[in-house]
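Values reported hereafter were calculated over all heavy atoms of this structure, with side chains retained and with hydrogens, waters and symmetry mates removed. Atoms within a ligand are numbered from 1 in the order they appear, just like the ligands themselves. These numbers were taken from a predicted model, which means no experiment stands behind them.
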Amino acid sequence: MTASRGIGGGAYARARQRLVKSLAHQAVADQRVLAALGAVPRHRLLPEALRERAYADLALPIGAGQTISAPSVVAAMTEALELRGEESVLEVGTGSGYQAAVLARLAARVVSIERLPRLAADARRALDTLGVTNVLVHLGDGSKGRAADAPFDAIVVTAGGPEVPQPLLQQLAPAGRLVGPFGAREEQALVRMRRTGPDSFEREVLGRCRFVDLVGTHGWAA
Ligand code: SAH
């Protein structure tokens with residue numbers, strides 16, 4: 001990275017630390033989550049033209065009509081997964097790869113599924129460049145989960161669907177958590193499901209949010 005266009009690496013790092021400090025003052029209490037957000041260079045997962053806005057707490061367009069969630073939303077969803085370091089995590093909706101890079105620092109391994117080939121390829125390349133080795137990006141319909149790699153201790157869905165996809169619930173490990181936005185296209189409830197038994201789940205609503213569509217068999221029609 002050079003300072004010839006936009007701000008230099010040091011300025012990005014300082015902006016990132018300011019952002020993390022402000023998230024700590026808001027609602028984020030988990031120090032590991034804050035440390036992960038402080039370590040992942042979000043600007044390097046964004047299109048060049050948007051890099052200078054990487055450390056404002058904003059959702060930003062990443063191409064193909066998709067968006068990278070605001071850092072505060074990534075923090076809240078990650079915190080809700082209650083990761084301790086040993087988990088196997090599924091992410092539905094790789095997008096830029098930012099959420100995956102954050103998860104990679106907090107869990108043992110991350111399987112991330114993206115339905116759009118270009119985004120999957122770009123995210124894979126960006127994660128490689130960052131030296132992230134414990135994320136596998138797969139192309140496909142993440143609303144079906146990934147039975148081959150199940151069970152997952154935690155699942156995060158980063159696109160909004162009409163309801164929690166049944167296959168994802170079935171792929172949760174005992175006591176596993178699933179966090180994602182579900183409800184109408186215009187606005188969703190940010191929901192956490194916790195597996196309490198073979199066929200029982202506890203459901204909590206963590207807030208209201210608006211995400212791009214989860215498109216697939218257990219999401220909206222394309
Ligand atoms: N987690 C991302 C944000 C992604 S935006 C990040 O950190 O940048 C939501 C993403 O979900 C988009 O890239 C969209 O293409 C993808 N998506 C939507 N439906 C999907 C599905 N059924 N399977 C996999 N990816 C899906």
Side-chain angles (χ1 to χ4, degrees), residues 19 33 36-37 39-47 50-51 53-81 89-107 110-127 129-130 132 135-149 152 154-169 171 178-183 185 188 190 209-222:
L19 169 67
V33 171
L37 267 87
V40 175
R42 187 171 184 257
H43 65 282
R44 291 178 61 186
L45 295 151
L46 287 173
L50 295 175
R51 290 191 168 180
R53 286 150 78 189
Y55 301 108
D57 190 22
L58 296 173
L60 293 169
I62 53 171
Q66 306 304 321
T67 52
I68 180 173
S69 304
S72 56
V73 174
V74 172
M77 291 174 80
T78 305
E79 187 167 41
L81 295 174
V89 181
L90 173 69
E91 177 189 28
V92 178
T94 313
S96 67
Y98 177 66
Q99 170 83 73
V102 169
L103 293 169
R105 303 189 72 89
L106 297 167
V110 179
V111 172
S112 184
I113 309 180
E114 171 58 52
R115 66 180 282 269
L116 299 176
R118 192 175 65 71
L119 289 179
D122 287 354
R124 221 180 252 133
R125 189 170 332 106
L127 291 166
T129 307
L130 294 181
V132 177
V135 176
L136 277 176
V137 176
H138 294 283
L139 187 63
D141 176 6
S143 76
K144 296 194 277 193
R146 199 170 149 88
D149 292 315
F152 300 100
I155 299 178
V156 62
V157 183
T158 67
E163 56 198 37
V164 184
Q166 276 304 319
L168 298 184
L169 292 175
Q171 290 173 29
L178 176 152
V179 173
F182 302 101
R185 267 186 144 130
Q188 303 93 36
L190 185 61
C209 52
R210 184 176 181 166
F211 277 71
V212 298
D213 287 355
L214 177 71
V215 177
T217 307
H218 302 272
W220 301 102

For the residue pair [X] and [Y], establish whether any side-chain heavy-atom pair is separated by less than 4.5 Å.
X: Val156; Y: Glu91; answer: yes
X: Val132; Y: Val40; answer: no
X: Leu106; Y: Val33; answer: yes
X: Leu214; Y: Gln188; answer: no
X: Thr94; Y: Val135; answer: no

Arg185, CZ atom: more than 12 neighbouring heavy atoms under 6.0 Å: yes

Enumerate, one pair per line, all nitrogen or oxygen atoms of ligand 1 lying under 3.5 Å from a protein nitrogen or oxygen, stating the separation to 0.1 Å; write 'none' if no such pair exists.
{"from": "ligand 1", "atom 1": "1 (N)", "to": "Glu91", "atom 2": "OE2", "distance (Å)": "2.9"}
{"from": "ligand 1", "atom 1": "1 (N)", "to": "Gly93", "atom 2": "O", "distance (Å)": "3.0"}
{"from": "ligand 1", "atom 1": "1 (N)", "to": "Thr158", "atom 2": "OG1", "distance (Å)": "3.1"}
{"from": "ligand 1", "atom 1": "7 (O)", "to": "Gln99", "atom 2": "N", "distance (Å)": "3.0"}
{"from": "ligand 1", "atom 1": "8 (O)", "to": "Ser96", "atom 2": "N", "distance (Å)": "3.0"}
{"from": "ligand 1", "atom 1": "8 (O)", "to": "Ser96", "atom 2": "OG", "distance (Å)": "2.6"}
{"from": "ligand 1", "atom 1": "13 (O)", "to": "Glu114", "atom 2": "OE1", "distance (Å)": "2.7"}
{"from": "ligand 1", "atom 1": "13 (O)", "to": "Glu114", "atom 2": "OE2", "distance (Å)": "3.3"}
{"from": "ligand 1", "atom 1": "15 (O)", "to": "Glu114", "atom 2": "OE2", "distance (Å)": "2.6"}
{"from": "ligand 1", "atom 1": "19 (N)", "to": "Val215", "atom 2": "N", "distance (Å)": "3.0"}
{"from": "ligand 1", "atom 1": "22 (N)", "to": "Asp141", "atom 2": "OD1", "distance (Å)": "2.9"}
{"from": "ligand 1", "atom 1": "22 (N)", "to": "Val215", "atom 2": "O", "distance (Å)": "2.7"}
{"from": "ligand 1", "atom 1": "23 (N)", "to": "Gly142", "atom 2": "N", "distance (Å)": "2.7"}
{"from": "ligand 1", "atom 1": "25 (N)", "to": "Arg115", "atom 2": "N", "distance (Å)": "3.3"}

